[in-house]
Structures are given as structure tokens and as C-alpha cells.
Engineer: 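A single structure is presented below for examination.
Note that the coordinates shown come from a computational prediction; the quantities given were computed from them, not determined experimentally. This chain uses plain numbering: 1 for the first residue, then up along the sequence.
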Amino acid sequence: MTRTTDRPRFDTLVAAFQHTAARAPDDIALRTPGDTTTLTWRDYAAEVRAVAAGLAALGVRRGDTVALMMGNRVEFYPLEVGAQHLGATSFSVYNTLAPEQLAHVLGNSGARVVICEPQYVPRLRASGAELNHIVCVDGAPDGTVGVAELIAGGDPAFDFDAAWRAVRPDDVATLIYTSGTTGNPKGVETTHAALLFESYAVAEVLGIRFGDTITSYMPTAHIADRLTALYFQEVFGTQVTCVADPTGIAPALAELRPTIWGAVPRVWEKLRAAVEFAVSAEPDEQKRTGLRWALDVAARRSARQLAGAPVPEELAVEWQRADALVLGPLRAKLGLDRVRWAMSGAAPIPPETLGFFAGLGIPIAEIWGMSELACICSVSHPDDAKLGSVGTLLPGMEARVATDGELLVRGPLVMKGYRGEPAKTAEAIDADGWLHTGDVVTIDDDGFLRVVDRKKELIINASGKNMSPTAIENTLKAATPLIGVVAAIGDGRPYNTALVVLDAETAPRYAGQHGLADASASALAADAGVRAAIAAGIAAGNAKLARVEQVRRFRVLPVFWEAGGDELTLTLKLKRRVIAEKYAAEIEGLYAAEPSADVLEPEGVPEPV
């Protein structure tokens with residue numbers, strides 16, 4: 001179903017921006033919560049022009065590379081878009097990168113200018129990267145150029161219009177450095193043409209309007225934030241609220257009440273956990289009973305939807321009543337009552353989590369894509385979607401499934417290549433233009449895709465049974481909000497086990513509710529009540545898994561895992577090889593004939609043999 005009206009189409013981001021900025025110049029384009037900082041389209045366009053002149057005076061030309069390293073803030077946008085208007089490749093680096101990682105990314109990208117906050121200058125210098133200029137917002141440490149100085153240095157005679165009109169569709173607009181689970185990240189080259197194709201195709205499916213409101217809270221180095229908060233804004237004129245601290249997204253949502261929104265599965269899981277904890281902690285018994293009734297009605301409705309079964313009329317009527325009395329106000333409290341559509345992507349979301357929000361009446365579309373495909377490659381509008389699938393391919397893209405189940409994709413979204421790595425590019429894209437995605441999928445008769453797992457991560461147990469660790473992990477995580485991360489183990493083993501890590505935000509709330517003085521990971525991992533709750537959750541998850549998939553032993557690790565740490569990538573993917581090496585002793589203990597007291601077993605599964 002097409003959800004867009006006729007609108008002019010452009011072949012570069014800068015041409016789209018020039019049109020968008022002139023539509024309603026006095027409207028607010030960028031803001032922070034509470035309107036502490038705002039920027040109109042008129043002022044936005046003026047700042048872009050000034051930044052472009054300033055960067056040109058520093059020597060930035062079409063085809064050069066400019067890196068940005070800063071938080072989610074209004075000032076980012078004119079700086080990024082100003083670089084685009086010179087035909088430069090502008091990209092963001094993760095703010096958490098260590099000096100040696102910065103050295104790789106900046107060296108591989110060829111960046112000679114970095115625009116950053118002052119706090120990152122020492123790390124940039126420690127990296128040893130060869131930089132011509134460091135431009136700073138919020139003041140200028142010695143040896144750097146302040147933004148005000150940058151703008152003041154621009155040539156008044158600089159031909160801004162000639163510069164942006166010289167940008168070509170096949171110019172590389174940005175680099176996305178994949179947060180690989182092994183080795184150095186690769187720089188995905190994405191062109192203006194690919195990002196425009198992506199924007200128009202997604203809008204055709206979901207519908208994006210001028211003035212739609214959305215937040216920017218994920219790292220700007222992540223393609224999901226760049227697409228939804230930067231490129232969609234340039235093309236369609238959305239209003240972006242910049243949330244500097246991602247842990248503040250919940251109050252920011254409640255304040256903004258966005259019309260379109262997206263999140264990674266972990267954010268949706270945290271929102272779900274917050275709702276469930278709020279219900280369990282409601283002191284008024286009558287209100288608590290009403291909330292539980294409404295959530296039960298929502299769960300029964302979503303269970304039918306997840307199963308692809310029709311919702312009985314009696315249940316539909318009961319849900320309408322629950323919606324009027326409880327669910328509607330709950331959506332408003334979350335700030336999601338105006339959302340026309342929301343997305344979940346970057347990793348598979350537990351079906352139970354998707355069903356939870358569907359039951360609340362929040363329309364989430366699960367998407368599939370990757371950095372090598374400009375972010376989104378398959379999506380269906382929530383009105384048309386099949387819960388548990390990642391939608392259908394965007395119009396104009398082709399797919400086929402290899403004999404081993406791997407999804408191959410071809411079309412305008414496929415990256416130009418990995419920067420400076422022709423051999424790795426040739427490994428990813430074959431001679432016929434098919435991108436080998438590494439994902440194992442199924443495609444039903446209606447064209448809906450379901451992702452099984454990463455091809456290289458499938459568990460093949462000692463009996464030769466293939467299993468998806470992600471599916472197992474998602475099922476267990478969905479059973480209790482106490483679990484932040486779970487790593488399923490079982491490749492070459494007689495049965496499956498798991499390493500469990502508590503959720504760093506939910507665990508302290510649990511400690512408070514249960515009167516536990518020490519909310520540290522080590523104390524909670526050893527607590528009998530926490531262990532019992534995890535055991536019960538794993539038992540509940542096991543009940544939804546095939547017998548061969550069930551986790552028979554587990555241990556709760558006395559640590560919290562952080563994005564970008566040893567165990568997780570910056571996009572929260574498990575570094576399975578690193579985990580296997582770092583926790584080798586703990587894993588072997590899970591299979592010991594006489595396990596230690598830290599090795600736990602859920603109820604309801606046969607004893608391992």
C-alpha cells in the first residue's frame with residue numbers, strides 16, 4: 001500500500017535539503033526537550049551555508065572526508081549538512097572508541113578534518129591520526145579551530161550554490177563503520193543515490209510527512225540514527241528532538257509525543273520492563289488489578305495476532321474497553337499515543353516483546369537491513385505486517401535464498417564497497433551484484449521474511465542439530481526483565497547452557513523493591529531470590545522452546561556488560577568468539593560432571609546426561 005503523496009524527488013541529499021528548508025522557513029527543524037534549544041529551518045539553512053564556506057576555506061573539497069565526534073545535539077546538524085554541501089563524505093565516529101580504534105577508523109576513512117567536542121581532543125591526539133584540522137564546538141582548546149572561528153574564516157565570495165549543485169548522485173555521502181564481532185570495523189561506503197532511494201522507498205511503505213516529529217538519541221555513527229533523524233529530515237522535513245543522554249529517552253518521549261519513532265530491541269525491552277515494574281509496584285490495589293486486567297486482555301489479543309489467528313469479536317470488544325480505560329492512557333504516559341508507526345531493528349526482537357506493544361496498541365514494524373544496505377531493506381507497515389516477520393523487501397530490491405539458507409540481495413541499496421578493502425568487498429558482493437548478507441532467512445508465499453540467525457553463529461550440537469542461538473536468547477530474555485543479556489552455548493555440545501548477565505537498569509529496581517541494600521552485579525548475582533527469579537524465567541522460556549533447544553544449565557555472571565566492551569559491540573551484538581575465550585572456564589564448568597554451586601538449573605527439563 002502506497003502511503004505517500006506526489007512530491008518532488010531529488011538525486012542528492014543537498015538538493016533535497018535546499019527544497020525542504022524553503023518549505024516553511026519559520027518552522028522549528030531542530031530542538032531539545034523543553035525547547036531549551038531550537039533552530040528554525042531558515043536559521044538551519046543559513047548555518048549550513050556558513051559552515052560550508054568555513055570548511056571550504058580550510059581546504060575541504062568534493063570527495064574529501066570529514067569526521068564528526070559529538071553527542072546528540074542541535075549543533076551537529078548544520079556541521080554535518082554543511083560538509084555534505086561541499087560534496088564531502090561526512091560521517092560520525094563512536095564517541096567511545098579508544099585511541100587505537102580511532103587511529104584505524106580515521107586512517108581508513110582518509111579524514112583530515114574532525115569536528116568534535118573538546119572532551120575528545122586528547123583522545124584524537126593520542127590516536128596519532130594525521131589530521132589537518134580539529135574543529136571544536138563549545139570552545140577551542142589550543143591547536144584547534146572553534147566553530148565561530150571556522151565560520152568567520154569563510155570567504156564571503158564563496159560560491160555556495162555552485163558547490164552543492166556539483167554534488168553527484170554516485171558521490172559517497174557517508175561511511176558507516178560496522179561494529180564487527182571480530183577484527184577491525186569495515187567502512188561501508190553509501191552514496192547519495194542509495195540514501196535517496198532508501199528514503200523514498202521507506203516513505204512509500206510507511207508514510208513520512210513534513211513536520212513529523214522524531215527523536216535522535218542513538219549514536220550518530222549508527223546508520224539507524226543517521227537514516228531516521230538526519231537523512232529523513234533532509235528529504236522530508238521532519239522535526240528532530242535531540243536527546244543528549246540516551247538514558248533520558250523515556251521522559252523525552254513523554255514530552256515530545258513523537259509521530260514516528262524507532263528503537264533497537266533492547267530499548268523496547270526496557271520500556272516493556274518499566275511498564276511491568278510500574279504495574280507490580282502500583283500501591284493502590286484497585287488500580288493494580290485494573291492494570292493487570294488490561295495487560296492480560298492485551299496479551300490475549302497479541303497472542304492471537306502472533307499466531308496469525310483472527311481475534312474473536314468478544315476479545316476485540318474487551319480490548320476496546322481496556323483501551324479506553326487503561327491502555328490509551330498508558331500509551332499517553334509513555335509518550336507513544338500519537339505514533340503512526342514505530343520501528344524495531346538492528347537485531348531480532350523477541351516476538352513476545354513485539355506482541356506486548358501490539359497488545360498496547362502501539363504499531364511497531366520490525367525491519368531488517370544492514371549497514372551494507374543503507375539500513376532498511378525489508379519492512380511492512382504495521383497495518384499490513386505479520387507479527388514476527390521483518391516485512392517484505394522494499395520496492396525495487398531483489399532477493400534470493402541460497403541453498404544453505406543465506407539471503408542474497410541485489411539492487412540500488414547495495415553499498416558501493418568497503419573503503420580501501422577491495423578484497424573484502426569482492427567477498428561480500430559477487431560478480432552478479434548479489435550482496436551475501438550472512439543472514440539465514442525464510443520467505444513465505446506472501447514475500448514476508450523471517451530471520452533465523454547469522455549464518456556463522458548457528459549452533460550445531462553434538463548430534464548435528466542446527467539451532468538459532470538468537471532465537472533461544474530472545475525467548476529467554478522475554479521471560480524476565482531481570483535478564484539483560486544471555487549468551488546461549490551449545491555448539492558441539494550434548495545440550496545447551498547459558499551465561500546470563502543481569503540488566504543494569506532493571507536489577508537496581510528489583511533490589512529496591514525487595515529491600516536489598518547492595519545492587520551491585522556481584523551481590524545480585526549471588527542473591528538467592530535473584531537466582532530463583534532467573535531460574536523461573538528460563539524455565540518459562542524453555543517451555544516455549546523445542547526440547548533440543550532448551551537451556552539445561554546456566555550461571556549468572558557477577559558483572560554488567562556494556563556496549564562497546566569486551567562482550568558486546570557498540571550496537572549490542574554479542575561478540576561470541578570473545579565470550580567463548582574470556583569465559584572458557586565458566587563455560588566448561590557448565591558441562592562439568594559435578595558442577596559448582598554457581599551452576600544453576602531451571603525446573604522442568606530433564607537432567608543432562
Engineer: For residues 336-345, which residue pairs pass the salt bridge (Lys or Arg N to Asp or Glu O under 4.0 Å) check, not counting sequence neighbours?
Structural biologist: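 Residue pairs with at least one partner in residues 336-345: D212-R340, R257-D337.
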Engineer: Applying side-chain contact (heavy atoms from CB on, under 4.5 Å), can you list everything that pairs with E276, at least two apart in sequence or on another chain?
Structural biologist: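 With sequence neighbours excluded, E276 shows a side-chain contact (heavy atoms from CB on, under 4.5 Å) to R272, F356, P481, given in chain and number order.
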Engineer: Got W368 and T437 here, is their nearest side-chain heavy-atom distance under 4.5 Å?
Structural biologist: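 Side chain of W368 against side chain of T437, heavy atoms only: contact under 4.5 Å found.
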Engineer: Output the distance between atom OG1 (T470) and atom CG (L574), rounded to the nearest 0.5 Å.
Structural biologist: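 If we round to the nearest 0.5 Å, T470:OG1 and L574:CG are 7.5 Å apart.
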Engineer: Do the side chain of N72 and the main chain of M218 share a donor and acceptor less than 3.5 angstrom apart?
Structural biologist: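 Between the backbone of M218 and the side chain of N72 there is a qualifying donor-acceptor contact (under 3.5 Å).
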Engineer: Indicate yes or no for a side-chain donor-acceptor contact from K186 to the backbone of G417 under 3.5 Å, with no hydrogens or angles considered.
Structural biologist: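 No; zero donor-acceptor contacts below 3.5 Å.
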Engineer: Are E372 and V409 close enough, and set up right, to give a side chain to side chain contact (heavy atoms under 4.5 Å, CB included), and what steps lead you there?
Structural biologist: CA-CA 10 Å; E372 289 84 347; V409 175; over 6 Å; no
Engineer: Are any non-hydrogen side-chain atoms of I429 and M415 less than 4.5 angstrom apart?
Structural biologist: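 A side-chain contact exists here, since the closest heavy-atom pair is under 4.5 Å.
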Engineer: Does the side chain of E75 reach to within under 4.5 Å of the side chain of V147, using non-hydrogen atoms?
Structural biologist: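 They are not in contact (no side-chain heavy atoms under 4.5 Å apart), so the answer is no.
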Engineer: Taking all non-hydrogen atoms of both residues into account, name the closest pair between A173 and L195 and its distance.
Structural biologist: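 That closest heavy-atom pairing would be CB-CD1, 3.8 Å.
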Engineer: Find out whether I260 and F236 are in side-chain contact, i.e. whether some heavy atom of one side chain is under 4.5 Å from a heavy atom of the other.
Structural biologist: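 Answer no - side chains too far apart.
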Engineer: Taking the side chain from S371 and the backbone from T178, do they hold a donor-acceptor pair closer than 3.5 Å?
Structural biologist: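 It does not hold such a pair.
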Engineer: Out of curiosity, T174 OG1 to Q84 CD, how far, rounded to the nearest 0.5 Å?
Structural biologist: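 Spacing of OG1 (T174) from CD (Q84) equals 8.0 Å.
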Engineer: The criterion is side-chain hydrogen bond (donor to acceptor under 3.5 Å, both in side chains); which residues satisfy it with T36, sequence neighbours excluded?
Structural biologist: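 If we apply the side-chain hydrogen bond (donor to acceptor under 3.5 Å, both in side chains) test to T36, skipping adjacent residues, there are no hits.
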Engineer: Is there side-chain contact between N95 and E117, with at least one heavy-atom pair below 4.5 Å?
Structural biologist: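 Answer no - side chains too far apart.
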Engineer: For D170 and T191, which heavy atoms make the closest approach, and how far apart are they?
Structural biologist: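 For D170 versus T191, the nearest heavy atoms are O-CG2, 3.6 Å.
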Engineer: If you look at every heavy atom in W41 and G237, which pair is closest and at what distance?
Structural biologist: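 So the two residues come closest at CZ2-CA, 3.6 Å.
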Engineer: Given 3.5 Å as the limit, does a donor-acceptor pair link the side chain of T89 with the main chain of V172, or not?
Structural biologist: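 Yes, because the side chain of T89 sits within donor-acceptor range (under 3.5 Å) of the backbone of V172.
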Engineer: Can you find a pair of side-chain heavy atoms, one from D225 and one from L230, that are under 4.5 Å apart?
Structural biologist: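 The answer is no, as the side chains (C-beta and beyond) never meet within the 4.5 Å cut-off.
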Engineer: With sequence neighbours excluded, what pairs up with E427 under the salt bridge (charged side-chain N to carboxylate O under 4.0 Å, His left out) test?
Structural biologist: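 If we apply the salt bridge (charged side-chain N to carboxylate O under 4.0 Å, His left out) test to E427, skipping adjacent residues, there are no hits.
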Engineer: Is a side-chain donor-acceptor pair under 3.5 Å present for Y44 with Q233?
Structural biologist: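 Short answer, yes.
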Engineer: Counting only N and O atoms by type, is there a donor-acceptor contact under 3.5 Å from the side chain of W164 to the main-chain atoms of G82?
Structural biologist: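 No, the answer is negative, given that no donor and acceptor are paired below the 3.5 Å cut-off.
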Engineer: Would you name the heavy atoms of C116 and V121 that are closest together and state the gap between them?
Structural biologist: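 For C116 and V121, the tightest heavy-atom pair comes out as SG-CG2, 3.9 Å.
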Engineer: With sequence neighbours left out, what residues match A111 under side-chain contact (heavy atoms from CB on, under 4.5 Å)?
Structural biologist: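 Counting only residues at least two positions away or on another chain, A111 forms a side-chain contact (heavy atoms from CB on, under 4.5 Å) with T65, A67, F91, L106, S109.
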Engineer: Would one find more than 12 heavy atoms of other residues, nucleotides or ligands at under 6.0 Å from atom NZ of K333?
Structural biologist: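 Not more than 12 within 6.0 Å, no.
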Engineer: Could you state the interatomic distance from CG (L482) to NZ (K477), rounded to the nearest 0.5 Å?
Structural biologist: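 L482 atom CG to K477 atom NZ measures 14.0 Å (nearest 0.5 Å).
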Engineer: What heavy-atom pair brings V205 and V379 nearest, and what distance separates the two atoms?
Structural biologist: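 Shortest heavy-atom separation between V205 and V379 comes out as CG1-O, 3.8 Å.
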Engineer: With side chain to side chain contact (heavy atoms under 4.5 Å, CB included) as the test, would you mind laying out the steps for L334 and I362 before giving the verdict?
Structural biologist: CA-CA 10 Å; L334 289 171; I362 296 171; 4.2 Å; yes
Engineer: Against C375, only a single residue in T190, V202, L227 fulfils side chain to side chain contact (heavy atoms under 4.5 Å, CB included); can you say which?
Structural biologist: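 The single option meeting the side chain to side chain contact (heavy atoms under 4.5 Å, CB included) with C375 is L227.
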Engineer: Please name the pair of heavy atoms, one in S216 and one in A229, separated by the smallest distance, quoted to 0.1 Å.
Structural biologist: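 Shortest heavy-atom contact: CB-CB, 3.7 Å.
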Engineer: Among E581, E473, E567, find the residue that satisfies the salt bridge (Lys or Arg N to Asp or Glu O under 4.0 Å) test when tested with R576.
Structural biologist: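 Only match with R576 under salt bridge (Lys or Arg N to Asp or Glu O under 4.0 Å): E473.
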Engineer: Verify the neighbour count for atom CD of E100: are there more than 12 heavy atoms of other residues, nucleotides or ligands below 6.0 Å?
Structural biologist: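 Yes.
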Engineer: Taking only residues at least two apart or on different chains, which pairs with a member in residues 189-203 satisfy salt bridge (Lys or Arg N to Asp or Glu O under 4.0 Å)?
Structural biologist: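 Of all non-adjacent pairs touching residues 189-203, those that pass salt bridge (Lys or Arg N to Asp or Glu O under 4.0 Å) are E189-R419.
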Engineer: Please step through ring-ring contact (aromatic ring centres under 6.0 Å, His included) for the pair Y583 and W561, ending with a clear verdict.
Structural biologist: CA-CA 13 Å; Y583 297 95; W561 288 351; 5.7 Å; yes
Engineer: Which atom pairs, donor and acceptor, lie under 3.5 Å between side-chain atoms of residues 21-31 and protein residues at least two apart or in another chain?
Structural biologist:
from	atom 1	to	atom 2	distance (Å)
D26	OD1	R42	NE	3.3
D26	OD1	R42	NH2	2.8
D26	OD2	R42	NH2	3.3
R31	NE	D35	OD1	2.7
R31	NH1	T241	OG1	2.9
R31	NH1	E255	OE1	3.4
R31	NH2	D35	OD1	3.2
R31	NH2	E255	OE2	2.7

Engineer: Not counting sequence neighbours, which residues clear side-chain hydrogen bond (donor to acceptor under 3.5 Å, both in side chains) with T96? List them please.
Structural biologist: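 For T96, no residue satisfies side-chain hydrogen bond (donor to acceptor under 3.5 Å, both in side chains) once neighbours in sequence are set aside.
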Engineer: Would F10 and T20 count as a side chain to side chain contact (heavy atoms under 4.5 Å, CB included) if you check the C-alpha gap in whole Å, the side-chain angles of each, and the deciding distance to 0.1 Å?
Structural biologist: CA-CA 11 Å; F10 302 93; T20 299; over 6 Å; no
Engineer: Does the side chain of H85 pick up a donor-acceptor pair with the side chain of Q18 at under 3.5 Å?
Structural biologist: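 Yes.
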Engineer: Is a side-chain donor or acceptor of S199 paired with a backbone partner of F232 at a separation under 3.5 angstrom?
Structural biologist: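 Between the backbone of F232 and the side chain of S199 there is no qualifying donor-acceptor contact (under 3.5 Å).
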Engineer: Test of understanding: with side-chain contact (heavy atoms from CB on, under 4.5 Å), list the residues that count as partners of D11, not counting sequence neighbours.
Structural biologist: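 Once residues adjacent in sequence are excluded, the partners of D11 under the side-chain contact (heavy atoms from CB on, under 4.5 Å) criterion are P169.
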Engineer: Less than 3.5 Å apart, any donor N or O on the side chain of T353 or E269 sitting next to an acceptor on the other?
Structural biologist: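 Looking only at side-chain atoms, E269 and T353 do not form any donor-acceptor pair under 3.5 Å.
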Engineer: Do W261 and F357 make the cut of ring centroids closer than 6.0 angstrom?
Structural biologist: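 Centroid separation for W261 and F357: 6.0 Å or greater.
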Engineer: Strictly distance-based, threshold 3.5 Å: is any side-chain N or O of R226 a donor or acceptor partner for the main-chain N or O of T220?
Structural biologist: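 Indeed, once roles are kept as given, a pair shorter than 3.5 Å links the two residues.
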Engineer: Would you say S378's side chain and V390's backbone share a donor-acceptor pair under 3.5 angstrom?
Structural biologist: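 Confirmed, S378 side chain pairs with V390 backbone.
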Engineer: Looking at residues at least two apart in the chain, or sitting in another chain, which of them share a side-chain contact (heavy atoms from CB on, under 4.5 Å) with P251?
Structural biologist: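 Here no residue qualifies.
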Engineer: Determine which pairs satisfy side chain to side chain donor-acceptor pair (under 3.5 Å) with at least one residue from residues 123-139, sequence neighbours left out, and list them in order.
Structural biologist: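 Of all non-adjacent pairs touching residues 123-139, those that pass side chain to side chain donor-acceptor pair (under 3.5 Å) are R73-D138.
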Engineer: Decide yes or no on side chain to side chain contact (heavy atoms under 4.5 Å, CB included) for L55 and D64, but give the supporting numbers first.
Structural biologist: CA-CA 11 Å; L55 288 173; D64 290 344; over 6 Å; no
Engineer: Can you find a pair of side-chain heavy atoms, one from V48 and one from F160, that are under 4.5 Å apart?
Structural biologist: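 Side-chain contact under 4.5 Å: yes.
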Engineer: Of all residues at least two apart in sequence or in a different chain, which pass the salt bridge (charged side-chain N to carboxylate O under 4.0 Å, His left out) check with E421?
Structural biologist: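 E421 satisfies salt bridge (charged side-chain N to carboxylate O under 4.0 Å, His left out) with K424 only.
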Engineer: May I ask you to test the F76-S92 pair for a side-chain heavy-atom distance under 4.5 Å?
Structural biologist: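 Yes, close enough: below the 4.5 Å cut-off.
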